[in-house]
Amino acid sequence: MTRSWSGQLRSLVSRARARARGATAAATPAPPEGPRRPPAGTRQPLETVRQAVDPAGVRDLVVICRDRPVLLGRRFQEWYPDARLTVLYDGPQVPAAEHGFGLTRFAHERGILRALASVPPADLIVDTRRARPAAVRSTFRRAFLALADGGRYVARLEPAPDDAAPAPGDTARNGDSAGDIVDDVRELVRRQGLPTSERRKLSNALELGLARALAGVTTEGDLLVLRKKGEHVLKLGVEDTRTALAARGVEPRVIARVPAERHVSASSIWSSDAALAAERLPDAVDVGELTCTVYADVLVAPRQVAVLERLLLPTSYFLPGRSSRRTRGMHYYGSDYSGLLQEGVEPEALPGTFYHLDNQIPGHYGHVITHDLSKLWAWDAALAEHPGLRLLFSPPEGADDLPAYTYELLGAYGIGRERVRLITGPVRVERLITATQAFQQPNFLSPAARDVWARVTAGLLPRAGQDPLPERVFVSRRVATRRRCLNGDEVERRFEDAGFVVVYPEDLSLPDQVRLFSAVPVVAGYAGSGLINTVFSAGPATRIVLASKSYWATNEYHIAAMYGGDLHYFWCDPVFPGGPGGSPDDAGTGRFHADYVFDVGRDGPALDALLASLGAAVRQPEQPRPTSR
């Protein structure tokens with residue numbers, strides 16, 4: 001007998017909302033209804049799957065099992081003769097042979113995701129494993145969002161002597177508690193009816209995605225059948241993405257490549273905290289391989305989103321080395337899945353060839369300099385093959401165009417405004433060219449980026465003024481809402497007393513900024529966008545950086561390691577909610593942007609000694625190097 005959940009779900013939502021409003025505050029709320037495990041002795045054969053999910057609507061089918069994968073695969077071929085079948089198993093290795101369907105063994109849960117990424121989105125996933133409730137539950141969390149929109153997920157229910165639902169909260173937020181798929185589904189349904197704030201408090205990112213995607217639940221005999229809504233994008237590492245695309249028959253063409261290499265830092269480094277220096281400021285850096293790749297028929301969305309075959313392309317990450325794989329241009333459902341922000345919007349067809357230069361934080365000067373420009377190392381090679389090539393950007397939120405400085409930087413590189421195409425919604429691009437980001441914070445900075453910045457410098461310098469330049473500058477921040485040095489006035493007075501001129505880069509034209517940072521031999525300031533201007537250096541320089549210990553970005557280190565000179569790094573104590581002694585956890589994602597205090601008692605003497613040592617040792621500014629292009 002089939003028991004539909006469509007009405008029960010609505011009832012559960014209403015009851016949960018009523019409880020949230022306090023309508024039944026005086027009574028102990030009954031646990032939500034959910035899928036009930038069948039009593040012992042009521043198991044039915046797997047043929048019941050055909051009754052639960054009509055074969056006529058299944059084009060792609062994935063079966064997950066423990067053993068006898070070939071026999072099981074043949075049965076499902078009979079039941080679903082028109083479906084492309086893939087069988088995933090975690091039992092003993094089966095000898096290689098031609099079975100007429102895909103057969104993949106996985107050794108761990110991560111292997112399931114890789115296998116699902118290598119086949120089209122399934123209309124039906126069936127987990128046939130019995131007496132393995134923890135594995136079935138874990139696989140559901142890993143695999144449910146890989147279904148196509150409207151797809152079905154089927155798992156076998158285990159008989160249980162006590163069918164009482166677990167109390168709210170029995171399912172742990174991180175998904176590691178005891179229980180089975182029934183417990184998970186009950187809890188997800190319960191949370192669907194909670195206010196958004198409470199649901200977010202109880203759920204991690206993946207659970208939010210699962211609850212949002214769960215559209216219906218039915219039971220058919222001893223089978224649990226879940227219906228999924230919405231489309232979701234899988235996120236893998238660079239190599240796993242390439243492997244999955246190849247399995248799907250997609251062979252992108254690489255038109256330019258820079259081999260991986262190892263660089264020894266060209267800068268001498270002094271740090272106020274030896275432990276942090278050892279962790280974040282290494283003597284040598286491993287620079288990853290850079291590739292420029294052409295893809296066909298790519299879904300592109302604002303804020304650096306590029307999707308092919310439901311896989312998020314590596315160009316979509318501005319921090320490619322982060323295992324969390326956060327994508328600000330999408331709904332984040334954990335490290336494995338994301339969803340488009342503009343769901344259900346038909347993408348505009350965009351014929352032609354486009355170079356992906358978008359940013360997750362469009363309009364942010366520091367990100368344009370380090371992330372966008374550092375992708376231009378392959379522009380000339382791409383342009384040679386595609387003379388009509390254009391750049392693809394999205395404007396900052398609430399704006400209809402890019403900041404003027406972006407066009408100025410591009411123009412200095414030799415790219416006119418007419419080659420820029422802006423998008424404000426999803427588009428389907430005929431051909432998309434992506435280039436590996438040459439500055440991958442905090443991992444490495446490739447020399448390929450230095451060549452780009454040198455070309456921009458050469459393009460801007462002829463328009464700069466000729467006023468005399470100071471020999472020492474302190475780069476300050478006039479308006480800051482985060483990462484503020486709370487005793488900055490006192491710090492800057494020390495620098496001014498040592499002959500430094502306090503500058504605010506925003507007061508200068510872009511050509512004058514480039515001239516300043518390409519010529520001044522001693523530059524100090526707060527870590528961030530202001531000091532990122534040192535990418536326009538003409539050569540070695542003395543750099544003095546003040547940064548919060550909780551600010552893990554080390555742009556200034558990578559720049560100094562590339563250009564050479566002396567780097568002096570003062571680590572400051574972050575100030576979290578509740579004062580200097582507050583817990584870092586209280587700051588949440590604000591930890592990275594926490595305000596900080598320069599410890600005058602601890603680090604003041606070292607700073608004063610450094611400033612005094614500069615004395616007459618300041619060298620004359622070097623002339624900017626001519627670009628090699």
Side-chain angles (χ1 to χ4, degrees), residues 117-118 120 233-260 287-318 320 325 327 329-330 340 347-360 371-394 410 413-416 418-423 426-440 446 448-449 451-452 455 629:
S118 299
V233 174
L234 282 77
K235 301 181 294 188
L236 304 174
V238 174
E239 291 304 320
D240 283 341
T241 300
R242 290 174 180 168
T243 300
L245 287 174
R248 303 279 289 273
V250 177
E251 293 290 348
R253 186 169 60 88
V254 176
I255 61 176
R257 189 189 306 271
V258 177
V287 179
E289 179 188 54
L290 309 183
T291 58
C292 178
T293 310
V294 184
Y295 299 94
D297 192 26
V298 181
L299 176 66
V300 179
R303 301 181 74 179
Q304 205 175 337
V305 174
V307 178
L308 181 60
E309 298 289 343
R310 276 222 319 180
L311 293 168
L312 196 65
L313 295 179
T315 189
S316 302
Y317 305 111
F318 76 91
R325 301 196 179 98
T327 47
M330 309 187 79
L340 291 174
E348 173 191 355
L350 208 56
T353 307
F354 294 85
Y355 198 97
H356 198 227
L357 212 68
D358 203 9
N359 198 304
Q360 291 196 19
H371 298 151
D372 294 354
L373 292 187
S374 78
K375 294 179 183 177
L376 285 176
W377 62 268
W379 170 260
D380 289 344
L383 186 62
E385 289 202 13
H386 301 276
L389 187 62
R390 300 175 69 186
L391 293 173
L392 206 57
F393 279 100
S394 59
L410 294 174
Y413 192 74
I415 302 174
E418 72 281 357
R419 287 192 180 272
V420 174
R421 174 61 155 84
L422 299 180
I423 60 171
V427 295
R428 189 162 291 280
V429 177
E430 182 180 1
R431 280 180 302 276
L432 186 73
I433 297 180
T434 71
T436 307
Q437 196 170 287
F439 196 173
Q440 297 192 15
S446 167
D451 292 341
V452 173
R455 182 164 159 181
R629 295 178 180 268

### Summary
In terms of heavy-atom contacts, A301 and D358 come closest through O-OD2, 4.0 Å
### Task
With side-chain contact (heavy atoms from CB on, under 4.5 Å) as the test, would you mind laying out the steps for V452 and W379 before giving the verdict?
CA-CA 10 Å; V452 173; W379 170 260; over 6 Å; no
### Distance in Å, H356 NE2 paired with D372 CG, rounded so as to fall on 0.5 Å steps
9.5 Å
### Task
Kindly indicate whether the side chain of E289, heavy atoms from C-beta on, has any atom under 4.5 Å from the side chain of T436.
no
### Query
Taking the side chain as C-beta and beyond, is there a heavy-atom pair between V233 and R310 under 4.5 Å?
no
### Message
Are the side chains of P426 and L340 in contact, using a 4.5 Å heavy-atom criterion?
### Response
no
### Task
Rounded to the nearest 0.5 Å, what's the gap from CH2 on W377 to CG on D451? Could you check?
11.5 Å
#### Entry: Where V287 and S446 come nearest, the two heavy atoms and their spacing
CG1-CB, 3.7 Å
### Task
Identify the two heavy atoms, one from A381 and one from A256, that lie closest to each other, and give their separation to 0.1 Å.
CB-CB, 4.2 Å
### Query
Does Q304 use its side chain to pair, donor to acceptor, with the backbone of T315 at less than 3.5 Å?
yes
### Task
Would you mind checking if R431 and E385 are paired as a salt bridge, meaning a charged N to carboxylate O distance below 4.0 Å?
no
### Query
Can you check whether L376's main-chain N or O pairs, donor with acceptor, with Y413's side chain at less than 3.5 Å?
yes
### Query
What is the distance from atom NZ of K375 to atom CD1 of I433, rounded to the nearest 0.5 Å?
13.5 Å
### Query
What is the minimum heavy-atom distance between L308 and A296, and which atoms define it?
CD1-O, 3.5 Å
### Query
Does any N or O in the side chain of E430 come within less than 3.5 Å of the main-chain N or O of F354, such that one atom is a donor and the other an acceptor?
no
### Task
Please confirm whether the backbone N or O of M330 pairs with a side-chain atom of R303, one donor and one acceptor, at under 3.5 Å?
no
### Message
Nearest 0.5 Å, please: how far is CG in L357 from CD1 in I415?
### Response
7.5 Å
### Side-chain heavy-atom pair Y295, V429 within 4.5 angstrom cut-off
no
### Task
For residues L389 and A382, report the shortest heavy-atom separation together with the two atoms involved.
CD2-CB, 3.6 Å
### Task
Show your reasoning for whether side-chain contact (heavy atoms from CB on, under 4.5 Å) applies to Y317 and K235.
CA-CA 10 Å; Y317 305 111; K235 301 181 294 188; 3.2 Å; yes
### Task
Could you point out which residue of L432, V300, V298, L392 forms a side-chain contact (heavy atoms from CB on, under 4.5 Å) with L350?
L392
### Query
What pair of heavy atoms forms the shortest contact from R390 to V420, and how long is it?
NH2-O, 3.5 Å
### Task
Mind checking the CG-CZ spacing from L236 to R325? Nearest 0.5 Å is all I need.
6.5 Å
### Task
State the OG1-CZ distance between T291 and R242, to the nearest 0.5 angstrom.
5.0 Å
